[in-house]
Amino acid sequence: MLFSKALIPTLRETPADAEVISHQLMLRAGMIRKVAAGIYSYLPLAQRVFQKLKTIIREEMNRIDSQEVTLPGVQPAELWQESGRWHFYGKELLRFQDRSERDFCLGPTHEEVITDLVRRNVKSYRHLPLILYQIQTKFRDEIRPRFGVMRAREFVMKDAYSFDRDEAGAEESYHKMYQAYSRIFERCGLDFRAVEADTGAIGGSFSHEFMVLADSGEDIIVYCESCGYAANLEKAEIKPPENSPSPENQKPPDKVSTPGQKTVEEVTGFLGVSPEHLIKTLIFSTDKGPVAALVRGNHEINEIKLKNYVGCEELVLADDSLVEKVTHAPRGFAGPVGLTIPIYADHALKGVVNMVAGGNENDVHFKNVNTPRDYQVTLYADLRKAEVNDPCARCGKPLKMRKGIEVGHIFKLGTKYSETLHATYLDQAGKEKRIVMGCYGIGVGRTIAAAIEQHHDKDGIIFPPTLAPYQALILPVNINEPKVCETAFKIYNALQSDGIEALMDDRDERPGIKFKDADLIGIPLRITLGRRTFEEGKVEIRNRKTGKVDLVNVEETIGYVNDHFFGKPR
RNA sequence: CGGGGAGUAGCGCAGUUUGGUUAGCGCGCAUGGUUCGGGACCAUGAGGCCGGGGGUUCAAAUCCCCCUUCCCCGACCA
């Protein structure tokens with residue numbers, strides 16, 4: 001491609017509305033332009049990168065015998081009503097009507113459509129297992145689109161769905177997909193971790209998220225260097241402490257006046273105790289009725305963990321009226337003593353004595369609260385958010401944390417959709433059985449943004465060779481020098497006929513502009529032709545990543561690009 | 001949805017507080033010239049419903065009301 005003919009509108013200045021580095025660089029490199037909040041146009045340079053990633057994805061999907069399909073973006077309400085998600089998906093599902101006022105939505109995901117396809121066309125165990133995938137545009141009406149293409153409303157996703165005869169088969173499909181995902185992200189040159197993720201209300205299933213390590217990430221990864229355990233913060237398990245009760249030291253309960261002292265800081269400050277000696281009592285409203293959760297004053301509740309133990313669909317912090325109804329006191333004075341609702345307590349509260357807790361009475365707290373003398377716990381469980389240096393649930397060594405960008409998510413669904421949508425098959429004995437499913441997603445645009453987050457410097461993008469829009473950029477310093485120009489075109493043509501994707505900067509621009517643009521768009525190899533080296537019959541080949549420059553004879557350029565950079569002779 | 005900020009040329013911004021010439025500046029863009037190894041210089045030029053609507057006024061980018069779009073911080077997700 002000739003740069004002079006290419007639509008690569010680079011920007012010198014960073015657009016004001018771009019916050020994260022990948023967003024800034026994609027705008028500056030002329031890859032994307034915003035059309036509306038969370039909706040982008042992808043320009044030729046981005047399109048080429050997308051194609052590279054899609055090719056990698058296709059190769060790895062096909063390798064595990066996953067078959068590509070294309071499902072509709074516009075989906076009828078009936079299917080979503082059948083699965084129940086027309087109601088449950090909420091506002092993120094963009095709904096609209098056609099000319100005859102029939103309800104439709106723009107597909108945010110495709111479980112309904114694909115399950116419908118399979119239930120109509122797969123009836124025998126002979127046709128299972130089956131894995132189908134597509135690479136397609138999704139629409140989710142996100143509450144807050146952010147960070148450019150990282151969290152867009154319209155975005156390209158590779159989604160795959162597996163259909164198996166039984167649990168064992170589903171786990172095998174899941175494992176194959178795990179391997180495929182690992183290979184995909186490795187081939188993209190990404191530093192990533194597969195972490196355990198929460199499965200939500202679908203019990204018995206499991207899930208992994210593929211996280212690219214980056215400080216700009218929105219997710220927190222908790223991991224153990226010792227045993228390799230890694231999980232999303234919302235899932236990360238903590239080893240229960242092995243403390244034992246010491247009944248002999250229990251002091252008698254002591255009711256104290258704490259006027260206006262509501263927060264942990266206020267109460268502990270007022271009473272002169274440290275937060276570890278306070279029981280934080282949180283009242284939650286759930287579809288199974290109100291529950292209380294107890295954690296130590298210096299710990300934070302993990303609502304997802306609590307939700308899983310309670311086994312409810314919905315769980316939110318109680319509002320003031322519910323708190324008053326349950327504790328007979330305003331917010332800030334809740335405690336376990338005398339509560340009649342189920343009490344879930346974090347492991348860290350097992351065996352501790354003489355704690356401070358709310359008195360369930362306005363302006364009152366208790367000192368020296370002990371269990372089971374003063375209150376009874378329904379269930380001790382791992383309820384709190386993991387913190388750095390908490391003991392690993394597997395090996396007890398201190399946990400560490402890093403930020404990550406979720407680029408992929410694999411999920412064993414079980415029979416959730418085959419139940420609601422009645423996707424069954426006949427087994428060898430002619431008996432009708434439910435198909436066991438899995439679903440698997442990769443955010444294509446997000447993966448590219450994540451790659452840029454991980455691979456850039458002050459001058460611009462440094463594309464991993466496998467994702468780069470072009471492999472080599474040819475840069476004649478002055479296009480008006482006939483000999484230089486002629487040789488540059490010779491090299492350009494030779495590279496192309498050798499199957500190397502080359503971008504030829506034939507623009508009549510000053511060298512500075514061309515060098516800056518070359519760095520910005522991040523092509524791995526830059527072949528510079530200037531009068532100085534050219535008179536010695538040499539070109540300069542610069543590695544965008546290392547900055548290393550080699551002087552190479554003109555006629556050896558093709559060989560250099562093939563051998564030296566791509567590592568193997570062709 | 002709650003909180004904060006912003007809409008002026010393709011990009012980055014000034015002007016708005018205190019209404020008053022033809023709405024400015026840098027970059028970019030077009031044409032010509034001098035240049036040519038890290039975002040040159042000179043000259044000429046094109047490009048604006050000052051986010052939209054309504055109001056106040058002799059007069060509105062500027063004051064008032066309504067609407068709208070976008071960005072950032074919190075609860076969802078690939």
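Here is how names work: the chains are called A, B, and so on, in the same order as the sequence lines, proteins then strands, and each is numbered from 1. Computed from a predicted model, the values in this text were never measured in an experiment.
Remark: of the listed residues A:R151, A:K91, A:R153, A:R151 is the sole one forming a side chain to side chain donor-acceptor pair (under 3.5 Å) with A:E142. Paired with A:Y178 under the rule ring-ring contact (aromatic ring centres under 6.0 Å, His included), one option of A:F185, A:F210, A:F206, A:Y440 passes, and it is A:F210.
Nucleotide B:G32 forms a pair with B:C42, judged by Watson-Crick or G-U wobble geometry with both contacts under 3.5 Å. When both pairing distances are held under 3.5 Å, B:G74 makes a Watson-Crick or G-U pair with B:C1. A 3.5 Å limit on both hydrogen-bonding distances identifies no Watson-Crick or G-U partner for B:G37. Pair check for B:U16 finds none; no Watson-Crick or G-U wobble contact set falls under 3.5 Å. Nucleotide B:A6 forms a Watson-Crick or G-U wobble pair with B:U69, both donor-acceptor distances falling under 3.5 Å. In this structure, B:U62 makes no Watson-Crick or G-U wobble pair, since no nucleotide meets both defining distances under 3.5 angstrom.
With both ends at atom C1', the span from B:G54 to B:C49 equals 16 Å, rounded to whole Å. Separation of the P atoms belonging to B:C25 and B:C64 is 29 Å when rounded to the nearest angstrom. The separation of B:A60 from B:G53, taken at their P atoms, amounts to 14 Å, rounded to a whole angstrom. Across the C1' atoms, B:G45 and B:U57 are found 38 Å apart, a figure rounded to whole Å. Comparing B:A14 with B:G26, their P atoms sit 16 Å apart, to the nearest whole Å. The same atom, C1', is picked in B:U35 and in B:C72; the two are 44 Å apart, to the nearest Å. B:U56 and B:C66 have their C1' atoms separated by 15 Å, given to the nearest Å. Distance noted for atom C1' between B:A30 and B:C73: 44 Å (whole Å).
A:Q134 places a side-chain N or O within donor-acceptor distance of the main-chain N or O of A:L71, the cut-off being under 3.5 Å. For A:R544 (side chain) and A:A518 (main-chain N/O), no donor-acceptor pair under 3.5 Å exists by modelled atom type. Panel note: side chain A:T137, backbone A:F155; no donor-acceptor pair is recorded below 3.5 Å.
Closest heavy-atom contact between A:K385 and A:N302: N-CB, 3.7 Å.
Residue pairs meeting the salt bridge (Lys or Arg N to Asp or Glu O under 4.0 Å) criterion with at least one partner in residues 36-54 of chain A, sequence neighbours excluded, are A:R48-A:E501, A:K52-A:E501.
A:R510 has a side-chain polar atom (N or O) that falls below the 4.0 Å cut-off from OP1 or OP2 of B:A40. Between B:C72 and A:R151, no contact under 4.0 Å exists linking OP1 or OP2 to a side-chain N or O. For A:R144 and B:C73, the shortest distance from a side-chain N or O to OP1 or OP2 is below 4.0 Å. Applying the 4.0 Å criterion to OP1 and OP2 of B:C77, one finds that A:R146 has every side-chain N and O outside that range.
Within 4.0 Å of A:N232, counting heavy atoms only, lies no atom of the nucleic acid at all. Using a 4.0 Å heavy-atom distance criterion, A:T447 is classed as making no nucleic acid contact. A:V477 comes within 4.0 angstrom of a base, heavy atoms only. Residue contacts shown for A:D159 are absent, as no nucleic acid heavy atom lies under 4.0 Å away. Among the heavy atoms of the strands, none lies under 4.0 Å from A:R153. As judged by a 4.0 angstrom heavy-atom cut-off over every strand, A:F155 is placed among the base-contacting residues. When heavy atoms are screened at a 4.0 angstrom cut-off, A:G530 is found touching base atoms of the nucleic acid. Note on A:R526: a base of the nucleic acid sits closer than 4.0 angstrom, heavy atoms only. Among the protein residues, A:A518 comes within range of no part of the nucleic acid, since none of its heavy atoms lies under 4.0 Å from any strand. Within 4.0 Å (heavy atoms only), A:T533 reaches at least one base atom of the nucleic acid.
Both A:G38 and A:D508 lie near RNA chain B, and the one whose nearest nucleotide falls closer to the 5' end is A:D508. RNA chain B is contacted by both A:E481 and A:G443; A:E481 maps to the nucleotide lying nearer its 5′ end (nearest heavy atom per residue).
The base of B:G37 has none of its N or O atoms less than 3.5 Å from a complementary donor or acceptor on the side chain of A:N478.
A:R63 has a carboxylate O that lies under 4.0 Å from a charged side-chain N of A:E60, or vice versa, which qualifies the two as a salt bridge.
Inter-residue side-chain proximity for A:Y470 and A:I521 is flagged as unmet; no heavy-atom pair is nearer than 4.5 Å. Taking the side chain as every heavy atom from C-beta outward, A:L421 and A:D116 never approach each other to under 4.5 Å.
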Detail all sub-3.5 Å separations between protein N/O atoms and N/O atoms belonging to nucleotides 41-47 of chain B.
none

Report each atom pair, protein N/O against N/O of nucleotides 24-27 of chain B, whose distance is under 3.5 angstrom.
| from | atom 1 | to | atom 2 | distance (Å) |
| --- | --- | --- | --- | --- |
| B:G26 | N2 | A:E13 | OE1 | 3.1 |
| B:C27 | O2' | A:R12 | NE | 3.4 |

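Distance A:E209 CD to B:C76 P: 13 Å, rounded to the nearest Å. One can place CZ of A:F139 at 15 Å from C1' of B:C76, the figure rounded to the nearest angstrom.
Checked against the 6.0 Å centroid threshold, A:F50 and A:Y42 count as a close aromatic pair. Between A:Y161 and A:F411, the distance separating the two ring centers is not shorter than 6.0 angstrom.
Lacking a ring centre under 5.5 Å from that of the base six-membered ring together with a plane angle below 30°, A:F515 does not count as stacked on B:G37.
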